[in-house]
Number of protein chains: 2
Amino acid sequence: LIVVEALQKVYHLGEVDVPALRGVTLTIQAVEFVAVMGPSGSGKSTFMNIVGCLDRPTAGRYWLDGVDVAGLSRNELAAVRNHRIGFVFQNFNLRPRTTALENVELPLLYNGTPPRARRSRALAALEIVGLGDRAAHHPSQLSGGQQQRVAIARALVNEPLLLLADEPTGNLDSRTSVEILEVLQRLNRTRGVTVLLVTHEPDVAAYAGRNIQFRDGRVVRDEPMAAP
Amino acid sequence: LIVVEALQKVYHLGEVDVPALRGVTLTIQAVEFVAVMGPSGSGKSTFMNIVGCLDRPTAGRYWLDGVDVAGLSRNELAAVRNHRIGFVFQNFNLRPRTTALENVELPLLYNGTPPRARRSRALAALEIVGLGDRAAHHPSQLSGGQQQRVAIARALVNEPLLLLADEPTGNLDSRTSVEILEVLQRLNRTRGVTVLLVTHEPDVAAYAGRNIQFRDGRVVRDEPMAAP
Ligand SMILES: Nc1ncnc2c1ncn2[C@@H]1O[C@H](COP(=O)(O)OP(=O)(O)OP(=O)(O)O)[C@@H](O)[C@H]1O
Ligand SMILES: Nc1ncnc2c1ncn2[C@@H]1O[C@H](COP(=O)(O)OP(=O)(O)OP(=O)(O)O)[C@@H](O)[C@H]1O
Ligand SMILES: [Mg+2]
Ligand SMILES: [Mg+2]
């Protein structure tokens, strides 16, 4: 599903260059559940943003489901993102003056789902993450972990081919984390969703079947893990 | 140092009332290192915001270092916050279009520290959290964990009496987390800073000498932990 070759990403900050990715080559098959780990600043989010077609690499190639992403126009990239990828951002990225329900409906709005189906599917996604009773609340009226769960519901609602979750349990207590991870595991096993999950917690990585370790912009380890 | 009695906090959202705290009574001595844990939405941040004088309770009493906070004016509360309390927010709360250094200088600006001392102390705080070389970068140019560390440096720079850290390691890998926790432990043991730390990770809570457990707006457990 995902093939990257010699991916590089350099951020240009005035006179300084920050090499965030220094040549990443790997393949991820459909329906894998992969944990991405590594120190703060090692390039995990940069990698996820490129795989999620939210950012372009400085060099290197990326094929998503056989399509060379570099050859896609902005509109085609947006279509890929809306139809095939769900993204849980490290900082949630919720719209502040919008209800939890409207935030979760957003991906369905983009791909033209009719209003009634949009509303009921978004509510179902909020129920799955345990926030069905907070649908009318704005992000500022929710706790950190509740906001994170709204972001997870938004990523799930479109039943994407590929779900990219950047530290999805950073603000969740262990029990809520387990509930969310079981949701991701169920999507992976019963709906065939490919999951890439950035985490710094070994208990969370234990749900994955493979662990990719970043350090200083490179992959330093990539090994299968005992199936959960 | 901290005495709270029958603290309550109700958020009024339109016609709905959300009781975030339903009567919390406890005492925290100076120089304790306390972990605050509990499920998502159980009231931890609400409690921290009241203890940090960022929000007022709906009912109940709060004495900080013998002073009844309810009797303080807005300016007096701001003075208490600026001189005696350092706060690491769950969502970092950094100023986006400002450098990391200027973000860390902010508490020193509020209490009138002269410019040269302000700059050198802020740089020293960034060095302590491992970001001395990113002083000129804006938050949008930093990774999630790097932003979190800037927020920690800002909370430390004033050598507060009381340091309140809400999920300070949520975005940090284990090694960086240990570095930060050792900084907090050093401040607690050698500088006499009282530390309250919200976390959902038992490894992080293990650095504390006491564990307060929230559930549904109440304290359901409050016990000493083997000294780290
Ligand atoms: N500004 C607000 N307006 C309305 N309700 C709020 C507000 N802030 C928090 N709440 C609600 O109060 C309750 C407690 O929230 P709080 O942020 O204290 O929880 P928490 O324990 O910090 O959770 P988390 O671990 O998810 O950060 C939650 O149900 C939340 O939705
Ligand atoms: N928009 C940006 N502009 C400039 N530099 C950036 C930008 N985003 C990230 N960086 C830098 O690129 C490097 C990799 O960042 P990235 O966000 O990918 O790390 P990460 O592994 O996700 O870290 P964390 O675990 O702290 O979230 C870091 O040194 C960071 O400072
Ligand atoms: Mg990141
Ligand atoms: Mg909170």
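Please read these numbers as outputs of a predicted model, since none were measured by experiment. Chain naming here is simple, since letters A, B, ... match the order of the sequence lines and numbering starts at 1 in each.
Annotation for R210(A): atom CZ counts as buried by contact number, over 12 foreign heavy atoms lying within 6.0 Å. The number of heavy atoms from other shown groups lying within 6.0 Å of CZ (R22(A)) is above 12. By the neighbour-count criterion of 12 heavy atoms within 6.0 Å, atom CZ of R95(B) is sparsely surrounded, having that number or fewer from other residues, nucleotides or ligands.
Rounding to the nearest 0.5 Å gives a distance of 8.0 Å between CD of Q147(B) and CD of Q90(A). Atom CG of residue D203(B) and atom CG of residue D203(A) lie 7.5 Å apart, to the nearest 0.5 angstrom. A distance of 11.0 Å separates CG of L172(B) from CD of E201(A), quoted to the nearest 0.5 Å.
Top candidate by heavy-atom pairs under 4.5 Å with chain A, chosen from R149(B), R175(B), K44(B), is R149(B). Ranked by heavy-atom pairs shorter than 4.5 Å toward chain B, the options G170(A), G145(A), S42(A), S45(A) are led by G170(A).
Contacts of S40(A) with chain B are made by both backbone and side-chain atoms, with heavy-atom separations under 4.5 Å. Residue N91(A) does not touch chain B at all, counting heavy-atom pairs closer than 4.5 Å. With a 4.5 Å cut-off on non-hydrogen atoms, T46(B) does not touch chain A at all. Of the two parts of T199(A), neither the backbone nor the side chain holds a non-hydrogen atom closer than 4.5 Å to a non-hydrogen atom of chain B. For V198(A), no part lies under 4.5 angstrom from a heavy atom of chain B. If you measure heavy-atom distances from T176(A) to chain B, the contacts under 4.5 Å come from the side chain alone. With a threshold of 4.5 angstrom between heavy atoms, Q146(A) approaches chain B through its backbone and through its side chain.
Listed by sequence position, R134(A), H137(A) are the residues of residues 132-140 of chain A in contact with chain B, using a 4.5 angstrom heavy-atom cutoff.
Minimum interatomic distance between D173(A) and H200(B) (heavy atoms only, all atoms of both residues): CA-CB, 3.5 Å.
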